[in-house]
K.L.:
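The structure is given below, and queries will be raised subsequently.
All chains are named by letter (A, B, ...) in the order of the sequence lines, taking the proteins before the strands, and each is independently numbered beginning at 1. What you see is a predicted model; the values in this text were computed from it and never measured.
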Amino acid sequence: MVFFTSLDKSFMPTEIPKAYDPKTVEQGLYKAWEESGYFNPDKLPGKRREAYSIAMPPFNVTGILHIGHAVLLALQDIMIRFERMRGKKTLWLPGTDHAAIATQNVVEQELKEEGKTKYDLGREQFLERVTRFADSQHGRIVEQISRMGASCDWSRERFTLDAGLSTAVTSAFTTLYSDGLIYRGDRIVNWCPRCQSTLADDEVEYKEKKTPFYYFKYGPVVIGTARPETKFGDKVIVVHPDDKRYAKLVGTSFEVEWILGPITARVIADPVVDPELGTGAMTITPGHSFEDFALAQKYGLPIEKIIDENGRLTEAAGPMKGLPVKEARKKVVEILESKGLVDHIDENYIHNLSVCYRCGTPIEPLVSRQWFLAVDKPAKRLGNKTLKQRALEVVENNEIAFVPDRFTKVYRHWMENLHDWCISRQIWYGHKIPVWYCETCHADQKKYQAGKYYWLPEKNTPTACPRCHGQDIHQDHDTLDTWFSSGLWTFSTLGWPMVKDMGFDPALVDLVISGKKTKTFRLRDHDLSVGETCLTHDSKTKKKFGYLRILRSTKIPFNEIALQTAGHEPYKSQAELKTTFQKYYPDITITPDTPVWVYEYIYQKESDLEQFHPTSILETAYDIIFFWVARMILMSTYLVGEIPFKTVYLHGLVRDKKGRKMSKSLGNGIDPLEMADKYGADAVRLALVIGTTPGNDQKLDEQKIAGFRNYVNKVWNIGRFIAMQGEGKSLSEAKPETMADYWIFSRLNTIIQEISNHLVKYEFSQAGEKIYDFAWHEFADWYLEITKLEGNVALAHQVFGEILKLLHPYMPFVTEALWRQLGYGKDLLMIEIWPSSDPSKINPAAEKKFAELQQTITEYRRQRKESGAPAGQVMSVPVPTGLAGELKPIIERLAKVTFTT
RNA sequence: GCGCGUAUAGCUCAGUUGGUUAGAGCGUCACAUUGACAUUGUGAAGGUCCCUGGUUCGAGUCCAGGUACGCGCACCA
């Protein structure tokens, strides 16, 4: 344990208010932290070899901070602050996600209130509006994250749609496509008729609903269905091969009377049919059922589209074309009824209705031409393993560990059953699929068949088809699944794929490295945007010398270049700059109006990707393990060839007092910001972390937060007391002298060890509880009470300093405020060195003696109480045998007794 | 159907590898208060650790079976 505090000024206790008022200090402290630069790993003091990084789950731009976010921020901030104090080079990278469907829905809702639809605006205008909305949300999100005290590096903040991340998305798509893992195909997909888009399998939710289940006479068999409206084209009956009831029919064809008149049906046998279910015979509808589609592929059956993208019937329904599903169902049943083909109807059938996870609309499975990511295809890059196999392997062999461990099983189960991922969406907002189509080639059927009418351009906006040079080309109208870009989050935010390169004059290289040059002018756009990292080389030797992370990118006319601003050395005049330019850009004529790109950057010897990837831990709620966690593992293991994180810590959901999910419609949500206003951010953080265990939901009510507000205030008053005691005294030399001193020293060193162990093992609740208890019920209740008698204020001051460090990750605001008030050090508590336990200070004898003292005092107090002695009166008791002289006054005071001889 | 979680004080929950008398916060009851803190202090009451069986010198903890509540996945002709 290192004590280095010195106190040479007198305290002015009157300056410390009686009650802690978070409002007056929190904002200022956050600003101080931010301005210190210590959120940024590059600016942390000292040599920090080991990196520690967390990618903050990107917040949806739709959202306002809810209690779940607050949990996430509290936990991650604890991890980051702890590791920062332990001397690691800590990066916590924040950002936002465009959340395509969710965001688009919000804007569509706004439009609806104005009586408009997105089609009224058209794609371009609509997108402008969505973008405006997303931008307007940004500031608020940042403010809310800050409000909770999150010590994340804002200089590295990213947005899934920013230029750098879009490059990453394109690059990812291109790589996967070139490696044959992304393909385009006509397959059955989940279609949301309201969102007008496909959904991935895990974006479909199931709701139980009672629907009639119909039994129809279909030739010689009776078939059951919940969806009569899809049955127009059913021509194939499937039965189980071992089902004796139908054995004679297998392989035969016959004519049956059906919805639109007689059709020819045939019978096949396949083991997928469950003979126990319904009548044991079914007809198949390949165009609108996943199972039937698989069967149709197996037997080469035709696939007919009965329902269109708007949820209406197609030509296949003959006269019923255009009818919405609901009405069509009624009509079909009526027709079959009139033909006497209804066997019976089961009205009590419980159906698992599939609905869209974003809007609740029933899903229509239908066949559509979409883009897919093949998860079961052997990939060269993975040594002929599939994406799925690799993603399972890294968890199986413990490269990635889940906390709590049980989620490993959940993950494995999901991954094993994963089908090819449909990645194209018909949502407008998002990353457009980077594929271009040529109408001229399309018109040529042969090329169409060969799939050669589309290509992936190298540059973003091609002007002509590379094959026929025709100009009638357009980009794919679809966008990528939001989770495609979030799947890249751990590495796309760290500068992957680093395709951009910039040369520097050999004379400047040293200046760049030393940080004397932090700005560069270019006549050609390097297409660099804020947050991106670019590789740099010496233009003479072509040797790589490091990386630049772009802080600002602007375009100005040549004559507006301000050479006087910092960081642009070594040019002394515009003429000199012009000469330099001319040397590197001999083909460009420089006029005063020539546009110049100005890049401001910081130099990094190692790129963020090299330093911070794989990230140390991913912390998020367990409900997005599939959507996000699994996708990141798939993407990272393939594209970067690295796991995205070493540990996945999953927290539970926050529920209301009654255990219900918090939701807008129930109005039972607890707003973390309102709570922070009322009780302070520290109290909110403590309430969300203490008394909870990973992976388990927690019930929260305001009382709990109020309770921790009391604790924060207690800590404040401990500080206030020490300040008052120490007024005017020199506190620089602290030595344990009395038994109580040795005891508190011993306890402190024990507790340091325990807390550090808990934190390393992600036992945040237990670590928090222990330090909470130590500060209040050992240090304040016992040690400080004795201090009033013995007066070793210097020691109290020092021990409290250590307590502040231990508490800091949990309650950063109040501890930082006290650190300052009590004059512990010039620099911020947030970068103090985490206490280390000194085993030589652990003193079992002192602990034992003190425990006996505590027992004695408690016993006297109890006796007093039982005897009903009046409050003010001191009770006389005989001196116990063997009482050490030094303890006498302590007992007399704390137990309010007086010893008679 | 498959898998998972939870069950401990009135309430909300901790309880690490099995080890004296099972803990905390809130709530309850009683008492205290002119100097750190009533957002406080002191003391107390309060438990068949869901049930049954097993392993063990010893089980809240491990094993088997069951009950209740919750969740995920699948099926859904």
K.L.:
Can you check whether A/Trp776 has a side-chain N or O nearer than 4.0 Å to OP1 or OP2 of B/rG41?
P.N.:
yes
K.L.:
Does A/Lys865 get its side chain close enough to the base of B/rA44, under 3.5 Å, for a donor-acceptor pair?
P.N.:
no
K.L.:
Strictly below 4.0 Å: does A/Lys409 bring a side-chain N or O up to OP1 or OP2 of B/rC4?
P.N.:
yes
K.L.:
At what distance, to the nearest 0.5 angstrom, does OH of A/Tyr783 lie from CZ of A/Arg747?
P.N.:
14.5 Å
K.L.:
Find which nucleotide of RNA chain B each of A/Asp773 and A/Thr858 is nearest to by heavy atoms, and output the residue with the more 5' nucleotide.
P.N.:
A/Asp773
K.L.:
Where the side chain of A/Tyr206 is concerned, which of B/rU39, B/rC76, B/rA36 is the nearest nucleotide?
P.N.:
B/rC76
K.L.:
Can you find a donor-acceptor N/O pair under 3.5 angstrom joining the side chain of A/Lys18 to the base of B/rC37?
P.N.:
no
K.L.:
With sugar-phosphate meaning primed atoms plus P, OP1 and OP2, does A/Ile223 contact a base, only sugar-phosphate, or nothing at under 4.0 Å between heavy atoms?
P.N.:
nothing
K.L.:
Could you check whether A/Glu785 gets within reach of a base, just the sugar-phosphate, or nothing at all, counting any heavy atom under 4.0 Å?
P.N.:
base
K.L.:
One thing to verify: whether A/Asp243 and A/Arg245 come together as a salt bridge, which I'm taking to mean a side-chain N less than 4.0 angstrom from a carboxylate O.
P.N.:
yes
K.L.:
Any side-chain N or O of A/His777 under 4.0 Å from OP1/OP2 of B/rG25?
P.N.:
yes
K.L.:
Which of these, A/Phe213, A/Tyr215, A/Tyr214, sits in a ring-ring contact (aromatic ring centres under 6.0 Å, His included) with A/His344?
P.N.:
A/Tyr215
K.L.:
Select one nucleotide: of B/rU39, B/rA36, B/rG72, the one nearest the side-chain heavy atoms of A/Arg720.
P.N.:
B/rA36
K.L.:
Let's see if you can work this out: which of B/rC73, B/rA36, B/rU16 has an atom nearest to the side-chain heavy atoms of A/Glu763?
P.N.:
B/rU16
K.L.:
How is A/Lys231 classified with respect to the nucleic acid when contacts are heavy atoms under 4.0 Å: base, sugar-phosphate, or nothing?
P.N.:
nothing
K.L.:
Given that A/Gln703 and A/Asn417 both sit by RNA chain B, which one's nearest nucleotide is further toward the 5' end?
P.N.:
A/Gln703
K.L.:
With both distances under 3.5 angstrom, what nucleotide forms a Watson-Crick or G-U wobble pair with B/rG70?
P.N.:
B/rC4
K.L.:
Between A/His288 and A/Phe293 (judged by ring centroids, cut-off 6.0 Å), do the two rings come close enough to count as a pair?
P.N.:
no
K.L.:
Is there any protein nitrogen or oxygen under 3.5 Å from a nitrogen or oxygen in nucleotides 12-14 of chain B, and what are the pairs?
P.N.:
residue, atom, partner, partner atom, Å
B/rC13, OP1, A/Lys699, N, 3.4
B/rC13, O2', A/Gly691, O, 2.9
B/rA14, OP1, A/Thr693, OG1, 2.5

K.L.:
Is the phosphate of B/rG43 approached by A/Arg861 (side-chain N or O, under 4.0 Å from OP1 or OP2)?
P.N.:
yes
K.L.:
Does the plane of the ring in A/Trp258 sit parallel, tilted or perpendicular to the ring in A/Phe216? Use 30° and 60° as the thresholds.
P.N.:
perpendicular
K.L.:
Does the structure show a Watson-Crick or G-U wobble partner for B/rC57, both distances under 3.5 Å? Name it, or say none.
P.N.:
B/rG19
K.L.:
Base, sugar-phosphate, or nothing: which does A/Val712 touch, judged by heavy atoms less than 4.0 Å apart?
P.N.:
nothing
K.L.:
Are OP1 or OP2 of B/rU40 and a side-chain N or O of A/Asn710 less than 4.0 angstrom apart?
P.N.:
yes
K.L.:
Whether A/Glu396 and A/Arg412 form a salt bridge (side-chain N of Lys/Arg under 4.0 Å from carboxylate O of Asp/Glu) is what I want to check.
P.N.:
yes
K.L.:
Taking the six-membered ring where the residue is Trp, are the ring centres of A/Phe402 and A/Tyr622 under 6.0 Å apart?
P.N.:
no
K.L.:
One thing to verify: whether A/Lys657 and A/Glu702 come together as a salt bridge, which I'm taking to mean a side-chain N less than 4.0 angstrom from a carboxylate O.
P.N.:
no
K.L.:
Considering Watson-Crick and G-U wobble pairs with both distances under 3.5 Å, what does B/rG27 pair with?
P.N.:
none
K.L.:
Could you tell me which nucleotide pairs with B/rA9 by Watson-Crick or G-U wobble geometry, both distances under 3.5 Å, or answer none if nothing does?
P.N.:
none
K.L.:
If pairing requires Watson-Crick or G-U wobble contacts with both distances under 3.5 Å, which nucleotide is the partner of B/rU40?
P.N.:
B/rA32
K.L.:
Look through every strand shown and name the nucleotide pairing with B/rG47 as Watson-Crick or G-U wobble, where both distances are under 3.5 Å.
P.N.:
none
K.L.:
Tell which nucleotide pairs with B/rA64, taking only Watson-Crick or G-U wobble pairs whose two distances are both under 3.5 angstrom.
P.N.:
B/rU52
K.L.:
Which one, B/rG25, B/rC76, B/rA44, comes nearest to the side chain of A/His351?
P.N.:
B/rC76
K.L.:
Would the number of heavy atoms belonging to other residues, nucleotides or ligands and lying under 6.0 Å from NZ of A/Lys770 be above 12?
P.N.:
yes
K.L.:
Considering just the side-chain nitrogens and oxygens of A/Lys714, establish if one lies under 4.0 Å of OP1 or OP2 belonging to B/rG41.
P.N.:
yes
